[in-house]
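Every number for a ligand or one of its atoms is a count from 1 in the order of the listing. Treat the numbers as computed from the prediction; the structure is a model and nothing was measured.
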Amino acid sequence: MTPYETPRIMPLMKKRMLTGDRPTGPLHLGHWVGSLKNRVLLQDRYETFILIADVQALTDHFEHPEILRQNIREVVADYLAVGIDPEKSTIFIQSLIPEIAELALYYLNLVTLARLHRNPTVKDEIQQKGLQEKVTAGFLTYPVHQAADITAFLGEIVPVGKDQLPMIEQTVEIVRDFNRLYGEVLVTPKALVGEEARLVGIDGQAKMSKTLNNGIYLSDNADTVKKKVMRMYTDPKRIHPTDPGTVIGNPVFIYHDLFNTNREEVEDLKARYGKGTVGDVEVKQKLVKALNLFLDPIREKRTRIMEDEKQIDKILSDGTARARVVAAETMRKVKKAMRIDYELA
Ligand code: TRP
């Protein structure tokens, strides 16, 4: 082979991974097990885009946009503190990518109102927030905007918590219909759900969430973690430490399994809990220790990061510039496929 011969093997293109969070508050352990952990692991393997979904957050915070402004830096600090590397992952602000809004407008034609009303996550949220007749067009259509978030970057892999699966399903339908109508432009995404698809809250509710106020935050200090764990919901049928308790489905043991690296200790606690030879207090104290051990390095890094706001802003502006180039390229392809790529003289 001469040195001039062109290589026959094309360089391997990395698949794209896209995901995001609403900047409505700092991130909690539910975000970590559902999605953050996967993002950190996979940022080497995939070309990663992480979107801070301020436009989506506005759909239920439009009366208090200042909340989002405050929280954007907090969310970035959480990302960096858990190990998301801005050199590998493009972190950007949704509202600074107008192509996403533009795409969403075209996608709205491909989705019926009836379909939007059937989205189980949206239904849950309407219920939880007591929106019912007050539900706005913006809120009801946010899954379509989310489809635009994902497809603007031709995202193939979407690491999310289980509650987001209906959004990915909606995106798959839009991609299918768009490609059928206008030509193969969009890429079909796949959800990647974390090991514990939905982390139970400290109140024993199905999902840790800011709205339910049942979360342990990555930024909570050691004392707050202790207070939260000590009032955690356990086995409601167990009155005395000598009553045999239930381990399976018990929030304290779900957390032990996920965060306590001392497996021996966890197995010992489980065995004694089942027999009624350990009190809730001991189980909780050991959980406090394990959680603080997990959170200590994250908190330390986070504090350092928050001290340099300029650096955070730089990461966001660099990321947004990179993201804009990609979204603009998709937009160009979409408009061409839709025959609305007018070239006026
Ligand atoms: N809906 C997601 C949440 O509430 C946030 C989000 C917005 C998102 N756009 C996205 C997640 C695109 C994955 C892909 O957590």
Side-chain angles (χ1 to χ4, degrees), residues 15-39 42-43 46-61 67-68 71-72 74-76 78-79 84 89-97 99-101 103-104 107 116 119-126 128-129 138-172 174-175 186-194 197-199 207-212 215 319 323 326-327 330:
K15 282 191 184 178
R16 294 236 177 95
M17 174 164 102
L18 180 127
T19 184
D21 298 285
R22 300 182 187 193
T24 51
L27 304 180
H28 50 59
L29 294 178
H31 291 109
W32 163 257
V33 293
S35 170
L36 292 174
K37 194 176 174 183
N38 269 334
R39 297 183 201 175
L42 297 175
Q43 62 184 344
Y46 299 103
E47 189 184 348
T48 300
F49 291 86
I50 302 178
L51 149 153
I52 302 193
D54 61 336
V55 180
Q56 185 176 110
L58 277 172
T59 62
D60 61 350
H61 284 74
I67 293 179
L68 314 180
N71 279 308
I72 288 177
E74 302 279 338
V75 170
V76 176
D78 285 331
Y79 289 163
I84 289 174
S89 297
T90 299
I91 303 170
F92 63 99
I93 300 179
Q94 188 182 26
S95 62
L96 293 177
I97 314 287
E99 287 82 3
I100 295 175
L103 271 179
Y107 294 169
L116 291 169
N119 185 309
T121 298
V122 171
K123 269 200 208 161
D124 277 358
E125 285 170 325
I126 290 175
Q128 249 180 41
K129 298 176 210 262
F139 188 80
L140 194 64
T141 53
Y142 91 69
V144 179
H145 281 84
Q146 191 159 333
D149 295 340
I150 298 167
T151 53
F153 300 90
L154 305 177
E156 283 186 73
I157 307 288
V158 189
V160 282
K162 194 176 173 190
D163 61 313
Q164 294 298 303
L165 290 178
M167 310 306 161
I168 313 301
E169 242 171 71
Q170 175 70 83
T171 307
V172 169
I174 290 172
V175 168
L186 304 177
V187 173
T188 306
K190 254 202 209 75
L192 185 78
V193 179
R198 135 184 2 223
L199 182 65
K207 186 191 165 189
M208 183 175 284
S209 95
K210 188 172 177 312
T211 320
L212 298 174
V326 177
T330 305

Asn119 and Gln170: CA distance, side-chain angles, deciding distance, side-chain hydrogen bond (donor to acceptor under 3.5 Å, both in side chains) verdict: CA-CA 8 Å; Asn119 185 309; Gln170 175 70 83; 5.3 Å; no
Residues Arg22, His61; criterion side chain to side chain contact (heavy atoms under 4.5 Å, CB included); working and verdict: CA-CA 10 Å; Arg22 300 182 187 193; His61 284 74; over 6 Å; no
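With values rounded to the nearest 0.5 angstrom, Asn38 atom CG is found 11.5 Å from Gln43 atom CD.
In this pair, Phe153 and Phe92 present their aromatic rings tilted. The plane angle is within the 30 to 60° band.
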Please tabulate protein-ligand N/O pairs under 3.5 Å for ligand 1, atom names and distances to 0.1 Å.
residue  : atom  : partner : partner atom : Å
ligand 1 : 1 (N) : Gln56   : OE1          : 2.7
ligand 1 : 1 (N) : Gln146  : OE1          : 2.9
ligand 1 : 1 (N) : Gln164  : OE1          : 2.9
ligand 1 : 4 (O) : Arg22   : NE           : 3.3
ligand 1 : 9 (N) : Asp149  : OD2          : 2.7

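Residues that satisfy the salt bridge (Lys or Arg N to Asp or Glu O under 4.0 Å) test with Asp78, not counting sequence neighbours, are Arg302.
Between the side chains of Tyr79 and Asp21, at least one donor N or O lies within less than 3.5 Å of an accepting N or O.
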